[in-house]
2 protein chains.
Amino acid sequence: MNYASLDHFFMTLGNKQRVRILQLLAKQGTMGVTAIAETLKVEQSAASHSLKQLLLCHFVTVKQDGKERIYAINEDTVKPLFEQIERHVDKYCVKGCAHWSRL
Amino acid sequence: MNYASLDHFFMTLGNKQRVRILQLLAKQGTMGVTAIAETLKVEQSAASHSLKQLLLCHFVTVKQDGKERIYAINEDTVKPLFEQIERHVDKYCVKGCAHWSRL
DNA sequence: AATTCATATGAATAGCATATCATATGTTAT
DNA sequence: ATAACATATGATATGCTATTCATATGAATT
């Protein structure tokens with residue numbers, strides 16, 4: 001992998017599973033790896049791999065709590081970012097992106 | 001390909017070449033396909049493919065001008081979006097994302 | 001209408017990211 | 001120290017995406 005910052009940023013988001021995790025964390029606040037994996041019905045290993053990449057781009061933060069590592073979304077930038085993105089998606093993509101016809 | 005809107009949005013951005021095109025259009029205003037391809041040193045065909053996907057997510061707009069199709073960035077949502085994203089990248093990723101060590 | 005310029009499309013290969021499996025590391029309790 | 005729980009890591013095979021090449025479509029000019 002050899003990405004500049006911005007590319008790495010988008011690359012990390014360009015994956016359903018990682019976006020699901022972010023959405024889950026945005027909703028639930030904080031969660032451990034096992035809880036995330038169970039909720040999204042993915043392997044623990046897969047969740048861990050995804051979280052690592054999210055961590056590298058600082059989309060999420062961790063803190064150790066006993067045996068568990070509790071992940072949280074980066075409230076500072078990611079939350080407002082997602083709100084703005086959803087504005088774009090709502091406005092332009094709800095009907096648009098789904099249908100590859102016309103244009 | 002079977003993506004929900006939000007996934008499709010990110011998927012489209014999760015590619016260097018498409019991001020380069022958006023950055024170019026943000027900077028230059030409007031450009032035709034050949035000009036884009038030459039500037040970014042990619043094949044005309046590749047540029048066209050990329051632009052189609054950007055169009056499907058409404059990141060860009062087109063208008064026909066003679067033989068040419070002039071592409072422009074979606075000023076309404078994409079520009080402010082990129083500004084906010086760059087805030088995140090500058091703040092968290094300049095040093096962070098590049099180095100996979102620590103954390 | 002034929003030619004040239006500009007862009008789009010389709011198909012196939014090449015390239016890369018992800019999912020998976022097995023295992024390692026780390027933490028706490030007994 | 002060992003066992004049990006929680007998470008991380010590494011390697012590999014699979015699957016998906018992008019690039020490429022060849023060609024088609026569209027527009028304007030002669």
Side-chain angles (χ1 to χ4, degrees), chain A residues 1-4 7-22 24-25 30-57 59-72 97 99-103, chain B residues 1-4 7-22 24-25 30-57 59-72 97 99-103:
Chain A
M1 274 196 233
N2 182 25
Y3 286 100
D7 296 319
H8 192 230
F9 176 97
F10 286 130
M11 221 288 222
T12 301
L13 290 180
N15 171 275
K16 289 183 188 185
Q17 185 168 294
R18 288 192 289 265
V19 172
R20 287 295 96 72
I21 290 176
L22 283 179
L24 184 61
L25 286 175
T30 62
M31 289 182 91
V33 179
T34 303
I36 292 169
E38 282 173 356
T39 305
L40 299 180
K41 299 187 199 329
V42 299
E43 291 207 350
Q44 174 272 322
S45 169
S48 182
H49 280 297
S50 288
L51 285 163
K52 182 175 188 180
Q53 291 190 243
L54 290 170
L55 201 54
L56 284 165
C57 272
F59 288 120
V60 298
T61 57
V62 222
K63 70 167 207 266
Q64 189 86 25
D65 177 33
K67 303 177 190 177
E68 288 180 85
R69 293 178 59 108
I70 305 298
Y71 285 86
C97 281
H99 307 307
W100 296 63
S101 49
R102 78 172 170 283
L103 274 177
Chain B
M1 274 197 231
N2 183 22
Y3 286 100
D7 296 318
H8 191 230
F9 176 97
F10 286 128
M11 219 287 222
T12 301
L13 290 180
N15 171 273
K16 288 184 188 183
Q17 184 167 295
R18 289 192 289 265
V19 172
R20 288 294 96 73
I21 291 176
L22 284 179
L24 184 61
L25 286 175
T30 62
M31 289 182 93
V33 179
T34 302
I36 292 170
E38 281 172 357
T39 305
L40 300 181
K41 299 187 198 329
V42 299
E43 292 208 349
Q44 174 272 321
S45 169
S48 182
H49 279 299
S50 288
L51 285 163
K52 182 175 188 180
Q53 291 190 246
L54 290 171
L55 201 54
L56 285 165
C57 271
F59 288 121
V60 298
T61 57
V62 222
K63 70 166 206 265
Q64 189 86 22
D65 177 34
K67 302 178 189 177
E68 288 180 84
R69 299 190 62 161
I70 305 297
Y71 285 86
C97 281
H99 307 305
W100 295 64
S101 49
R102 74 170 174 284
L103 274 177

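These numbers come from a predicted model, not from an experiment. By convention in this document, chain letters (A, B, ...) are assigned in the order of the sequence lines, proteins followed by strands, and residues within each chain are numbered from 1. Any value given below was found using the heavy atoms of this structure, including those in side chains, with hydrogens, waters and symmetry copies removed.
Checked against A:I21 for a side chain to side chain contact (heavy atoms under 4.5 Å, CB included), the options A:V19, A:L24, A:L25 give a single hit: A:L25.
Residues from residues 35-45 of chain B that place a heavy atom under 4.0 Å from any atom of DNA chain C, listed by number: B:Q44, B:S45.
A salt bridge between B:D7 and A:R20 is present, with a side-chain N of the basic residue lying under 4.0 Å from a carboxylate O of the acidic one.
The ring-ring contact (aromatic ring centres under 6.0 Å, His included) search around A:Y71 returns none, not counting sequence neighbours. Applying the side-chain contact (heavy atoms from CB on, under 4.5 Å) test to B:E38 and every residue at least two apart in sequence or in another chain returns B:T34. Considering only residues two or more places apart in sequence or on other chains, A:A35 meets the side-chain contact (heavy atoms from CB on, under 4.5 Å) condition with A:M31. Listed by chain and residue number, nothing satisfies the side-chain hydrogen bond (donor to acceptor under 3.5 Å, both in side chains) test with B:T12 (two or more places apart in sequence, or in another chain). In this view, A:E43 satisfies the side-chain hydrogen bond (donor to acceptor under 3.5 Å, both in side chains) rule with no residue, not counting sequence neighbours. With sequence neighbours left out, A:T30 forms a side-chain contact (heavy atoms from CB on, under 4.5 Å) with A:I70, A:A72.
Between B:L51 and A:R18, the residue anchored nearer the 5' end of DNA chain C, judged by the nucleotide with its closest heavy atom, is B:L51.
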Expected rows: protein N/O vs nucleotides 26-30 of chain D N/O, under 3.5 Å:
from	atom 1	to	atom 2	distance (Å)
D:dA27	O3'	B:G66	O	3.3

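In terms of phosphate contacts, A:Y71 brings no side-chain nitrogen or oxygen within less than 4.0 Å of OP1 or OP2 of D:dA6. A close approach under 4.0 Å does not occur between any side-chain nitrogen or oxygen of A:N15 and OP1 or OP2 of C:dA17.
Where stacking is scored as ring centres under 5.5 Å apart with planes under 30°, A:H49 registers as stacked on the base of D:dT9.
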